[in-house]
Amino acid sequence: QVQLVESGGGLVEAGGSLRLSCVPSGRTRDDYWIAWSRQAPGKEREFVAAISWTDSKTQYANSVKGRFTISRDNAKNTVYLQMNSLKPDDTAVYYCYADRFTTVLVPSPGRGYWGQGTQVTVSS
């Protein structure tokens with residue numbers, strides 16, 4: 001069983017930065033990626049970014065390219081999401097999850113492993 005614990009959310013002004021952390025516990029399959037998704041009120045959950053646990057390849061949603069960076073620190077067993085130039089539209093609950101590469105771009109709470117989420121609020 002894999003558990004994922006997120007931290008680092010909060011309130012920030014537009015243009016500011018936040019860094020989210022995700023610590024997975026338990027063994028994940030080698031073909032799993034660690035990813036972030038978000039869900040704003042009244043909207044569907046959407047993919048944000050993902051990173052391979054084995055070779056650090058990354059994927060990003062177009063809406064965050066150039067502003068967000070996903071990275072991993074194997075020594076600390078932690079995946080980070082550095083969020084810069086934040087906009088009010090980035091306001092959402094951010095979830096860390098683990099899923100196979102073939103499906104990681106379509107986040108589904110019924111598949112893979114999910115954290116509890118952390119709130120990010122960007123004020124205008």
Side-chain angles (χ1 to χ4, degrees):
Q1 185 71 16
V2 177
Q3 292 184 326
L4 302 157
V5 179
E6 307 101 330
S7 62
L11 173 65
V12 65
E13 292 185 350
S17 298
L18 280 175
R19 188 177 76 164
L20 305 183
S21 299
C22 174
V23 180
S25 63
R27 180 175 175 83
T28 58
R29 296 164 54 107
D30 288 343
D31 60 343
Y32 268 46
W33 286 42
I34 305 297
W36 291 92
S37 73
R38 65 187 181 186
Q39 187 166 21
K43 296 187 177 181
E44 293 187 354
R45 197 167 296 199
E46 65 174 353
F47 169 79
V48 174
I51 188 166
S52 167
W53 197 249
T54 56
D55 60 12
S56 291
K57 289 182 179 178
T58 57
Q59 296 278 344
Y60 292 95
N62 289 334
S63 58
V64 305
K65 278 182 182 177
R67 299 189 299 123
F68 291 11
T69 302
I70 190 170
S71 63
R72 64 189 178 107
D73 185 331
N74 285 1
K76 295 182 179 181
N77 194 42
T78 301
V79 172
Y80 301 102
L81 184 68
Q82 178 66 43
M83 306 185 294
N84 299 329
S85 302
L86 283 162
K87 307 173 183 179
D89 284 349
D90 295 317
T91 295
V93 177
Y94 283 70
Y95 297 90
C96 178
Y97 65 106
D99 198 357
R100 293 182 175 89
F101 171 70
T102 52
T103 51
V104 72
L105 298 184
V106 185
S108 173
R111 187 182 61 239
Y113 303 96
W114 287 78
Q116 292 300 307
T118 184
Q119 177 70 46
V120 171
T121 303
V122 184
S123 63
S124 57

Write down the atom of A35, the atom of V104, and the distance for their closest heavy-atom approach.
CB-CG2, 3.6 Å
Hey, are the side chains of P107 and W114 touching, using non-hydrogen atoms and a 4.5 Å cut-off?
yes
Heavy atoms from other residues, nucleotides or ligands near CD of Q119 exceed 12 (cutoff 6.0 Å)
yes
Do we get R45 above Y95's six-membered ring, with its NZ or CZ under 6.0 Å from the centre and within 45° of the axis?
yes
Would you say the side chain of P24 lies within less than 4.5 Å of the side chain of Y113, judging by non-hydrogen atoms?
no
Please step through side-chain contact (heavy atoms from CB on, under 4.5 Å) for the pair Y97 and F47, ending with a clear verdict.
CA-CA 10 Å; Y97 65 106; F47 169 79; 3.4 Å; yes
With Q3 via side-chain contact (heavy atoms from CB on, under 4.5 Å) - residues at least two apart
S25
Indicate whether any N or O donor in one side chain lies under 3.5 Å from an N or O acceptor in the other, for R72 and S56.
yes
Report yes or no: do V2 and V5 belong to one cluster of Ile/Leu/Val/Met/Phe/Trp/Tyr joined by side chain heavy-atom distances under 4.5 Å?
no
Residues 10-19, side-chain donor-acceptor partners within the protein, below 3.5 Å, at least two apart:
| residue | atom | partner | partner atom | Å |
| --- | --- | --- | --- | --- |
| S17 | OG | N84 | OD1 | 2.9 |

Under 3.5 Å, is there a donor-acceptor pair between the side chain of T102 and the main chain of R100?
no
Which atom names give the shortest non-hydrogen contact between R111 and D99, and what distance separates them?
NE-OD2, 2.8 Å
Are the side chain of E6 and the backbone N or O of C96 linked by a donor-acceptor pair below 3.5 Å?
yes
Side-chain contact test, heavy atoms from C-beta onward, threshold under 4.5 Å: evaluate it for K57 versus F101 and give yes or no.
no
E46 and Q39, any side-chain heavy atoms less than 4.5 Å apart
no
Quick one: does V93's side chain get under 4.5 Å of R38's, heavy atoms only?
no
Could you check whether any side-chain N or O of N74 sits under 3.5 Å from a backbone N or O of N77, counting only pairs where one atom can act as donor and the other as acceptor?
no
Verify, without hydrogens or angle tests, whether Y94 (side chain) and L81 (backbone) share a donor-acceptor contact under 3.5 angstrom.
no
CH2 (W36) and CG (L20) are apart, to the nearest 0.5 Å, by 4.5 Å
Nearest heavy-atom pair of T78 and W53: which atoms, and what distance?
N-CH2, 4.2 Å
Counting N and O atoms only, with roles assigned by atom type, does the side chain of D90 sit under 3.5 Å from a partner on the main chain of K87, one being a donor and the other an acceptor?
yes
Expected output: side-chain T91 to main-chain T121 donor-acceptor under 3.5 Å
no
The test is side-chain contact (heavy atoms from CB on, under 4.5 Å); show your working for I70 and Y80 and say whether it passes.
CA-CA 6 Å; I70 190 170; Y80 301 102; over 6 Å; no
State, with a plain yes or no, whether a side-chain heavy atom of V48 is found less than 4.5 Å away from one of Y60.
no
Distance col, row L4:CG vs I34:CD1, nearest 0.5 angstrom, shows 5.5 Å
